[in-house]
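As the structure is a prediction and not an experimental result, all values here were calculated from the model. Numbering of residues begins at 1 and proceeds along the displayed sequence. Computed over heavy atoms, backbone and side chain alike; hydrogens, waters and symmetry mates excluded.
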Amino acid sequence: MKKSTSRIGLSLMGVLLALAAYVVVDNWGSHWFGRPNASTPAPASPIGNAPQNAAQIERGQYLARVGNCIACHSAKGMPPLAGGRRIDTPFGGVFSSNLTPDPATGLGQWSADDFWQALHHGRSKNGRLLVPAFPYNHTSVITREDSDALLAWLHSLAPVQQAPTPHTLMWPVGTQPALAVWRSLFFKPTPFVADAKQSAEWNRGAYLVQGLGHCAACHSPRNALGASGPVDELSGGLMPIVNWYAPDLTRDRETGLASTPLAEIVRLLGTGTSAQAQTSGPMAEVVQHGTQYMKPADLQAMAVYLQSRAQKISAADTTAARAPVSLRVAEMGLKTYERHCAQCHGDQGQGVRTSSGQVAYPALAGNRAVQLRDPTNLVQMVLYGGYAPATAGHPRPFGMPPFVLELDDRDIAAVLTHLRTQWGNQGGEVTALQVNRIRASQDH
């Protein structure tokens, strides 16, 4: 019996050693056997062997806007792209890096190969593994030509000396061995491969959505270790820490992408508003800093790709039967709506438009965002206000004030239940516990 137990123990140890060897070779072997390290830095070259030119720099600036780089790599009160913005995760804080060409604290000594290594392999200049708050699964989709253009533009900026702020991740998260294991489980570079069965426009949209747009970083559920789905996973999910629900982009009942005219999808991406919808929360930031600057042809390509994905869902959207709402909740919801909401959104939830026909206050009747399976976004908007982005195509959007100090959890739950169950809406009841969870997570 003892010999048998010893053999089992040795076998288990062998498996563990083999796994450890795989992790090391998979994540560090190529670094040791061919990649530069801290003791042998890569030769400094602004853009490798490719000459910088105005067209390449202009293209890089455009690509940086498409990727919304400024949102994460700019801290309040600091120069743009100098890094230092805290990104909260379930495992602690991550601070973004300095992308300006400062030689000591930024990208001034980075070559084109160094930058490509970061985007395609998730490694810093010295070969260290980067934390996946930087979405290198998506940047690995980017072509080398676009990578070089991005670096050319970043090198054209004014350098800002700002040393990186150390991450505040819980141990052992963020250590190189832990990142090596995580990457072996959840990361593999996925360079873009065009689908020969689709049009050039569709493929351009797929490239933008999966790569620079990194849409799945929000519109994909994350597991307990913080990993999102594949780069083309768009089935929606709750965004940790920020507590917003990114809707399922493949399901018409949640977004209307399968049935909305392409021109209206393009308008929503470019201006933050359309005939049926307005963006708010994290998506408003995407429009504000990113998609409003995109070329019409690229917005059209994204719309074509997203609509194609949504139209492939063959199973009909079904609405689960909901439990009846109690008389007390119904009365409380109606009174709260009449007191705080009806003046803007109408007695029957019909909304209000401006004299030019633009949406001022969106209709709540038949509104897909009101009927989402997860009411988190509605709670966020009532607590902290709802604001569409100010864009060139919609420079003066209307907004909704916050009610965080005026309404308690039961009032908010009741009025949201009213919205979701009236005028033909088929949403479920919202509970005070759901409201309290979001309020507590925001420290209010």
Side-chain angles (χ1 to χ4, degrees), residues 44-76 78-85 96-103 105-120 125 134-136 138-162 192 204-215 217 266 269-272 283-302 389-395:
S45 169
I47 191 70
N49 295 321
Q52 288 194 64
N53 56 68
Q56 186 185 40
I57 291 173
E58 182 180 1
R59 178 180 178 182
Q61 181 182 32
Y62 175 74
L63 295 171
R65 279 179 163 172
V66 173
N68 198 15
C69 304
I70 194 170
C72 288
H73 288 274
S74 305
K76 290 183 179 180
M78 296 301 296
L81 296 169
R85 176 172 176 173
S96 59
S97 56
N98 184 350
L99 298 186
T100 73
D102 179 68
T105 65
L107 302 183
Q109 296 295 319
W110 283 49
S111 69
D113 288 341
D114 296 331
F115 194 67
W116 171 253
Q117 177 175 268
L119 265 58
H120 192 72
K125 175 180 169 63
F134 171 54
Y136 44 75
H138 291 280
T139 59
S140 73
V141 174
I142 298 172
T143 65
R144 180 60 189 258
E145 186 179 16
D146 281 350
S147 172
D148 288 353
L150 277 166
L151 185 62
W153 176 68
L154 291 171
H155 275 175
S156 75
L157 303 177
V160 177
Q161 187 171 33
Q162 178 166 294
F192 183 73
R204 175 64 176 171
Y207 174 73
L208 292 170
V209 167
Q210 296 172 18
L212 284 164
H214 59 285
C215 301
V266 170
L269 291 172
T271 68
M283 189 61 198
E285 292 185 22
V286 171
V287 175
Q288 180 80 51
H289 300 297
T291 56
Q292 73 158 314
Y293 299 106
M294 291 178 65
K295 299 172 184 176
D298 279 345
L299 290 176
Q300 176 79 10
M302 290 179 70
T391 61
H394 192 216

For this session: Tell me, please, which residues at least two apart from Asp102 pass salt bridge (Lys or Arg N to Asp or Glu O under 4.0 Å).
Result: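 Salt bridge (Lys or Arg N to Asp or Glu O under 4.0 Å) list for Asp102, sorted by chain: empty.
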How long is the gap from [atom1] on [X] to [atom2] on [Y], to the nearest 0.5 Å?
{"X": "His289", "Y": "Thr391", "atom1": "NE2", "atom2": "OG1", "answer": "12.5 Å"}
{"X": "Asp148", "Y": "Ile142", "atom1": "CG", "atom2": "CD1", "answer": "11.5 Å"}
{"X": "Met302", "Y": "Cys215", "atom1": "CE", "atom2": "SG", "answer": "4.5 Å"}
{"X": "Trp110", "Y": "Leu99", "atom1": "CH2", "atom2": "CG", "answer": "9.0 Å"}
{"X": "Ser156", "Y": "Glu58", "atom1": "OG", "atom2": "CD", "answer": "11.0 Å"}

Check: [X] side chain, [Y] main-chain N or O, donor-acceptor pair, under 3.5 Å:
{"X": "Arg85", "Y": "Ala71", "value": "yes"}
{"X": "Lys125", "Y": "Gln109", "value": "yes"}
{"X": "Thr100", "Y": "Val160", "value": "yes"}
{"X": "His214", "Y": "Leu212", "value": "yes"}
{"X": "Gln292", "Y": "Gly272", "value": "no"}
{"X": "His73", "Y": "Ser96", "value": "no"}
{"X": "Gln288", "Y": "Ala284", "value": "no"}
{"X": "Thr271", "Y": "Gly393", "value": "no"}

Decide yes or no for [X] and [Y]: does some side-chain heavy atom of the first lie under 4.5 Å from some side-chain heavy atom of the second?
{"X": "Tyr293", "Y": "Val66", "value": "no"}
{"X": "Trp116", "Y": "Leu151", "value": "no"}
{"X": "Trp153", "Y": "Leu63", "value": "no"}
{"X": "Met294", "Y": "Leu208", "value": "yes"}
{"X": "Leu119", "Y": "Leu150", "value": "yes"}
{"X": "Leu107", "Y": "Asn98", "value": "no"}

Applying side chain to side chain contact (heavy atoms under 4.5 Å, CB included), can you list everything that pairs with [X], at least two apart in sequence or on another chain?
{"X": "Pro80", "answer": "Ile70, Ser74"}
{"X": "Ala301", "answer": "Glu201, Arg204"}
{"X": "Pro101", "answer": "His155, Leu157, Pro159"}
{"X": "Glu145", "answer": "Arg59, Thr143"}

For this session: Under the side chain to side chain contact (heavy atoms under 4.5 Å, CB included) rule, what do Leu269 and Val287 come out as? Steps first, then yes or no, please.
Result: CA-CA 6 Å; Leu269 291 172; Val287 175; 5.8 Å; no
For this session: Check Asp146 against Tyr207 and note the closest heavy-atom contact, atom names and distance.
Result: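 Smallest interatomic distance, heavy atoms only, reads OD2-OH, 2.6 Å.
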For this session: Looking only at non-hydrogen atoms, find the nearest pair between Ala75 and Gly83 and report the distance.
Result: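 Taking Ala75 first and Gly83 second, the nearest heavy atoms are CB-O, 3.7 Å.
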Exercise. In terms of side-chain geometry, is the basic nitrogen of Asp113 or Arg144 positioned less than 4.0 Å from the acidic oxygen of its partner?
Worked result: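 The answer is yes: the pair qualifies as a salt bridge.
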Exercise. What pairs of residues pass the side chain to side chain donor-acceptor pair (under 3.5 Å) test when at least one of them lies in residues 60-70, not counting sequence neighbours?
Worked result: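 Listed by first then second residue: Tyr62-Asp298.
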